[in-house]
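Below, read A as the first sequence line, B as the second, and so on, with proteins coming before strands; counting in each chain starts at 1.
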2 protein chains.
Amino acid sequence: MSRMDAEASRAFQLLVRFFFAQREQLPPPGDELELSPAQCHVLHLIDPDRPMPMGRLAGTLGCDASNVTGLVDRLEARALVRRRPSADDRRVKVIQLTPAGSRLRAQMLRRMTSGSCRLSRLSARDQQALVRILEALVGDQ
Amino acid sequence: MSRMDAEASRAFQLLVRFFFAQREQLPPPGDELELSPAQCHVLHLIDPDRPMPMGRLAGTLGCDASNVTGLVDRLEARALVRRRPSADDRRVKVIQLTPAGSRLRAQMLRRMTSGSCRLSRLSARDQQALVRILEALVGDQ
DNA sequence: GCGCATTGCTTTAGTTTGTCAACTATTGAG
DNA sequence: CTCAATAGTTGACAAACTAAAGCAATGCGC
């Protein structure tokens with residue numbers, strides 16, 4: 001394994017570890033939030049101001065479309081999300097946060113990135129560097 | 001939301017996106033590897049030279065111990081992993097890669113961190129910075 | 001030594017997550 | 001209009017996960 005690959009391998013390992021560590025402080029179990037990790041991700045991905053078609057959701061989550069159907073079913077049953085037919089294409093259904101969903105999302109984001117959280121204990125410099133590097137990694141879109 | 005929190009929130013969002021993007025290139029479906037994401041993570045976490053007790057596995061994955069039982073069951077059924085009683089404490093079972101498991105792990109790591117992969121397209125400088133920051137984040141252990 | 005709470009793992013039962021294949025409805029190309 | 005492609009749903013099933021109960025080993029207090 002070359003020098004670069006070793007570095008990449010280590011970075012990858014650390015990213016995975018960080019991901020799981022972060023998961024711990026996701027849904028304080030027994031809380032009224034009570035969202036599964038997958039549901040958190042869906043909620044996280046939908047900007048309150050920019051509803052998202054289910055297909056794009058499946059694409060971003062890297063999973064089957066039929067899986068998204070189930071996820072959205074459960075979120076819709078809890079009135080956190082609404083299916084709306086697209087004006088452009090009647091096959092498409094756009095997922096929109098309800099006010100309750102929007103509130104819950106904000107609360108979740110606050111909880112994950114404030115005070116007690118690992119991320120906010122980094123120096124401002126390191127936080128910016130991290131964001132810059134990650135943006136390069138995901139292609140920014 | 002303060003300046004710092006915005007940065008942390010963005011970093012978190014990017015991390016999740018990277019995680020899902022990376023997942024795409026995990027198990028080329030229909031491949032002989034044929035590992036589920038969860039199985040990949042277990043395999044990834046076990047260093048061939050340093051077997052790991054199930055409890056620590058559960059801790060790192062941030063999931064219930066009984067879940068790890070199932071994961072290890074399936075890996076053991078495919079002879080990628082072995083349960084061995086610990087010498088120190090007979091309650092503990094340490095998980096050890098078999099030669100086949102070790103080979104598969106190496107192959108997986110190679111595939112995820114070489115050439116085509118996003119991580120290896122970062123500059124060496126950025127790779128090192130990323131590793132340094134992530135180490136601070138996960139506490140290094 | 002003896003009790004007794006604790007720890008590490010498994011089992012059972014139940015939900016959620018995820019895949020695949022088949023289906024419906026809509027779209028768009030020819 | 002015909003036909004292939006696309007968006008989403010359904011049904012059947014495997015895998016991932018949790019909570020609760022249970023078992024064996026540990027270790028602490030006495």
Taken to the nearest whole Å, CG/Leu75(B) to C1'/dA14(D) is 15 Å

### Task
For the residue pair Pro51(B) and Ile95(B), establish whether any side-chain heavy-atom pair is separated by less than 4.5 Å.
no

Given the options Val72(A), Val94(A), Val92(A), Met54(A) meets side chain to side chain contact (heavy atoms under 4.5 Å, CB included) only with Val72(A)

Rounded to whole Å, the CG-P distance (Asp73(B) to dT12(C)) equals 12 Å

Whole-Å distance, Leu57(A) CG to dT6(D) C1', equals 17 Å

In whole angstroms, the gap separating P of dA14(D) from CG of Leu71(B) amounts to 17 Å

Checking dA25(D), dT10(C), dT10(D) against the side chain of Asp89(B) (C-beta onward), the nearest is dA25(D)

Per atom distances to the Gln39(B) side chain, the nearest of dA16(D), dG8(D), dT10(C) is dA16(D)

May I ask you to say what Gly70(B) touches in the nucleic acid, namely base, sugar-phosphate or nothing, with a heavy-atom cut-off under 4.0 Å? nothing

In whole angstroms, the gap separating P of dA16(D) from CZ of Arg23(A) amounts to 13 Å

To the nearest angstrom, the CD-P distance between Glu76(B) and dT10(C) comes to 9 Å

| query | Taking OP1 and OP2 of dA16(D), is either one under 4.0 Å from a side-chain nitrogen or oxygen of Arg74(B)? | reply | yes

| Is the side chain of Arg105(B) donor-acceptor paired with the backbone N or O of Leu43(B) at a distance under 3.5 Å, no angle test? | yes

Is the distance from OP1 or OP2 of dA7(D) to the nearest side-chain N or O of Arg56(A) less than 4.0 Å?
no

Here the distance between atom P of dT27(C) and atom CG of Asp88(A), to the nearest Å, is 10 Å

Q: Give a yes or no on whether a donor-acceptor pair under 3.5 Å exists between the nucleobase atoms of dT26(C), that is its base, and the side chain of Arg90(A).
A: no

In whole angstroms, the gap separating P of dG8(D) from CZ of Arg84(A) amounts to 15 Å

(Q) For a quick check of understanding: with a heavy-atom distance under 4.0 Å over all strands, which category does Asn67(A) fall into, base, sugar-phosphate or nothing? (A) base

Assign each of Ala38(A) and Asp64(B) the nucleotide of DNA chain C bearing its closest heavy atom; nearer the 5' end lies the nucleotide of Asp64(B)

Q. Ring centroid separation for Phe19(B) and His41(B), is it under 6.0 angstrom?
A. yes

Donor/acceptor link under 3.5 angstrom from Arg91(B) side chain onto base of dT26(D): no

- Query: Counting only distance, no hydrogens or angles, is the base of dC17(D) paired donor-acceptor with the side chain of Ser66(B) under 3.5 Å?
  - Reply: no

| Between Gln13(B) and Leu45(A), is any pair of side-chain heavy atoms under 4.5 Å apart? | no

